[in-house]
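First the structure, in the form of structure tokens, and then the observations on it.
As a basis for the values below, the full set of heavy atoms in this structure was taken, side chains included, without hydrogen atoms, waters or symmetry mates. Letters A, B, ... are given to chains in the order of the sequence lines, protein chains preceding strands, and every chain is numbered from 1.
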Amino acid sequence: MAPGRPAFPRTVDGSAMNLEALLSARLAPALAEVAHAAVDPAVRRSQHADFQSGAVLPLARGLGRSPRELAEAVTARADLAGVAHAEVSGPGFVNLTVADELIAAALTDVAGDARLGVPQTKQPRTVVLDYSAPNIAKELTVGHLRSTVIGDALARTLEWLGHDVIRANHVGDWGTAFGMLIEHLLDEGATGVSRAADLTAFYQAARAKFDADEDFRDRARLRVVRLQSGDEETLGLWRSLVAESRRYLLSAYERLGVTLTEADFAGESGYNDQLASVVDELDAKGLLVASDGALCVFPEGFTGRDGGPLPLIVRKSDGGFGYAATDLAALRHRTRVLGATRLLYVVGAPQRTHFAMVFAVAAAAGWLPEGVSAEHVPFGSILGTDGRMFRTRSGDSVKLAALLDEAVTRASALAPDPAVAAAVGVGAIKYADLAGDRRSDYVFDWDRMLALTGNTGPYLQYAYARIRSILDRAGAFRPAVRITHPAERALALELLSFEPVVESVAATLEPHRLAGYLYGLASLYSTFYEQCPVLKAEDGVRESRLSLCLLTGRTLRRGLDLLGIATPAHL
RNA sequence: GCGCUCGUAGCUCAGCGGAUAGAGCAACGGACUUCUAAUCCGUCGGUCGCAGGUUCGAAUCCUGCCGGGCGCGCCA
């Protein structure tokens, strides 16, 4: 901060730019005096003013005074000098109008901050974030899109806030299907799976032979046994399948703009040698029950179709291990070896019960000690415009590559430059996935997601490109904000809300809050842009308006980056 | 059958304990000697599935009902 400038009022937690926190801190002592107890000021954004506090409304009855009377008392006592103007309104709200000078000073501070006023967390956690989880020897489909896109947005956001994020790509690289895949690979010769695009055909061919040919079926079963018993030749073939698939997956992630890397692969096969000890430990805790030949845990509170207790099957009746055992082993590894204090699983809503059971069993086994949380982060389905599950006309799941191809083709109508078209097309798909509540199903609609108006990726990218254009013309200037117009004020106030929004995304694991904020910000910018000439403005005002452009651009860029969406300089 | 989840404008969705429920699209009407009008402004449009309950206050919380989706022992 430049010397000589009046000190900006800091809040208790040292966060300079959070107006909500600042107003709360100023209101809290007055509220405590009036109520004779600590009261949450409940400061929120408002349509009737910049912020409002409805804190006295619930107090009125207990204190035997009218809400408006209490609100007047609070307003009279609160030290808001230089911060805001308070006015009692309606049934007893305290409407707060922030001083223009404060908005300007706060935003000028933000302009000098590389993190846009968003501090790193003081309580960093080691977060293991389980997302994407595709299958080896299969192509990515729309079925993997949501986990991958939502998970990556959460990874980026939590990481940026200072948490230690360990990405865990729980790829399906083990199981009985590999018997037929390896046999098919041998039939096809060394070049069986040489190109990523062949993966689906390869898998389907193996599947078809398995279904039709009894000899092949026997060979496949034998091959599974050899794989599980550690036969070197078989393992070698398996590894070649895995390696080829990984190459393909990494290229797909790169195209999607997803941060997953080679180091993040944590396949199911990696837990093979821990499964027996999972069983042993559960047994030692007295949790295991033999049922129909399988080893199960019956966590309390789960009932099946017949009304009886629902088992989590840890070891199957044939002696093999299912996904429950793998999930338990992975969970134990993440807390015990990786030192995770927060476990997140970005997996579709249908698996809710499964994860609830896994967490219950893990807790009973002592693998989720005090201070370690495990959360399923569920999401809804992608539907076609007919309202049913999004599939091809023939009923197959849509390949991600085909989807991206079409997106880029359609986007090239908006942006002739191939690189820009890719950014717009891919961004449109990802943004559409992130813009709504993740728990809800959403309709996959090309026209809507590629529209240049409304809450879409292209609209935000366009807004950003316009800002870049104006800044490019402007030349150098010294950022400093002052408020001279209502549109400036509205934009400035919204820019100061970036921090609470990002915090809320981290707290709720709901990226659509950020998407909605960015859309609102871009809308306010558009209004400002229409009503306030920037480059032609008089000295001083020009610099201030350029500062607003700069800050809006930086906020859009950072926000979109946290969502995993690119911001081309030009459209 | 039990459990979870969702029913908000014609369509797609926000809002999830606070004031007169908000956007976009569609419809209609405006604004281009433009800093990217690929934009912006305005109008029209809703018994927030239904019925009770809790509360000073309910789209939001609770209960029941109706309707859709999903899950419910060896697939992940």
* First encountered from the 5' end of RNA chain B, between A:Leu310 and A:Leu383 -> A:Leu383
* Asked: Going by heavy atoms closer than 4.0 Å, what residues in residues 506-516 of chain A are next to RNA chain B?
  -> A:His512
* Structure fact -> When A:Lys536 and A:Gly175 are each assigned the nearest nucleotide of RNA chain B, the 5'-most assignment goes to A:Lys536
* To do: Answer with base, sugar-phosphate or nothing: what part of the nucleic acid does A:Asp445 contact at a heavy-atom distance below 4.0 Å?
  => nothing
* Using a heavy-atom cut-off of under 4.0 Å over every strand shown, decide if A:Val443 touches base, sugar-phosphate, or nothing. => sugar-phosphate
* Structure fact -> First and last nt of RNA chain B near chain A, cut-off under 4.0 Å to heavy atoms, 5' to 3', are B:G1 to B:A76
* Salt-bridge test for A:Arg438 and A:Asp433: reply yes if a basic N is under 4.0 Å from a carboxylate O, no otherwise. => no
* What interatomic distance, in whole Å, is found between P of B:C16 and the corresponding atom of B:G69? -> 28 Å
* **Geometric class of the A:Phe359/A:Tyr345 ring pair [parallel <30°, tilted 30-60°, perpendicular >60°]** => tilted
* **Chi-based syn or anti call at B:G7, which uses purine or pyrimidine torsion atoms and a 90° bound** => anti
* Please map the stems of RNA chain B, keeping only stretches of three or more Watson-Crick or G-U wobble pairs with both distances under 3.5 angstrom. => B:1-7 with B:66-72, B:10-13 with B:22-25, B:27-31 with B:39-43, B:49-53 with B:61-65
Check residues 306-324 of chain A and write down every donor-acceptor pair under 3.5 Å in which the side-chain atom is one partner and the other belongs to a residue at least two apart or another chain.
unit_1: A:Asp306; atom_1: OD1; unit_2: A:Gly308; atom_2: N; d: 2.9
unit_1: A:Asp318; atom_1: OD1; unit_2: A:Gly320; atom_2: N; d: 2.7

* Could you go through the ring-ring contact (aromatic ring centres under 6.0 Å, His included) check for A:Phe528 and A:Tyr525 one step at a time? => CA-CA 5 Å; A:Phe528 158 78; A:Tyr525 176 80; 5.7 Å; yes
* With rounding to whole Å, what would you report as the distance between B:A9 and B:A27 at their C1' atoms? -> 13 Å
* Interatomic distance at C1', B:C61 relative to B:C48, whole Å -> 16 Å
* Before accepting this row, confirm whether a basic side-chain N of the pair A:Arg45/A:Glu494 lies closer than 4.0 Å to the acidic partner's carboxylate O. => yes
* Using the P atoms only, state how far B:C28 lies from B:C70, rounded to an integer number of Å. => 38 Å
* Indicate yes or no: does A:Arg334 engage A:Asp130 in a salt bridge with an N to O separation below 4.0 Å. => yes
* Does a side-chain N-to-carboxylate-O contact under 4.0 Å join A:Glu543 and A:Arg478? -> no
* To do: Between B:A23 and B:C41, how far apart are the C1' atoms? Round to whole Å, please.
  => 15 Å
* **Set of ring-ring contact (aromatic ring centres under 6.0 Å, His included) partners for A:His376, sequence neighbours left out** => A:Phe355
* Asked: Mind checking whether A:Glu375 and A:Leu344 have side chains closer than 4.5 Å, heavy atoms only?
  -> yes
* For A:Asp396, check salt bridge (Lys or Arg N to Asp or Glu O under 4.0 Å) against everything at least two apart and list the hits. => none
* Asked: Just checking A:Gln47: base, sugar-phosphate only, or nothing, at a heavy-atom cut-off of under 4.0 Å?
  -> sugar-phosphate
* To do: Please state the C1' separation for the pair B:C62 and B:U54 - nearest whole angstrom.
  => 7 Å
* P atoms of B:G15 and B:A76, separation to the nearest Å -> 35 Å
* CD of A:Glu87: more than 12 outside heavy atoms within 6.0 angstrom? -> no
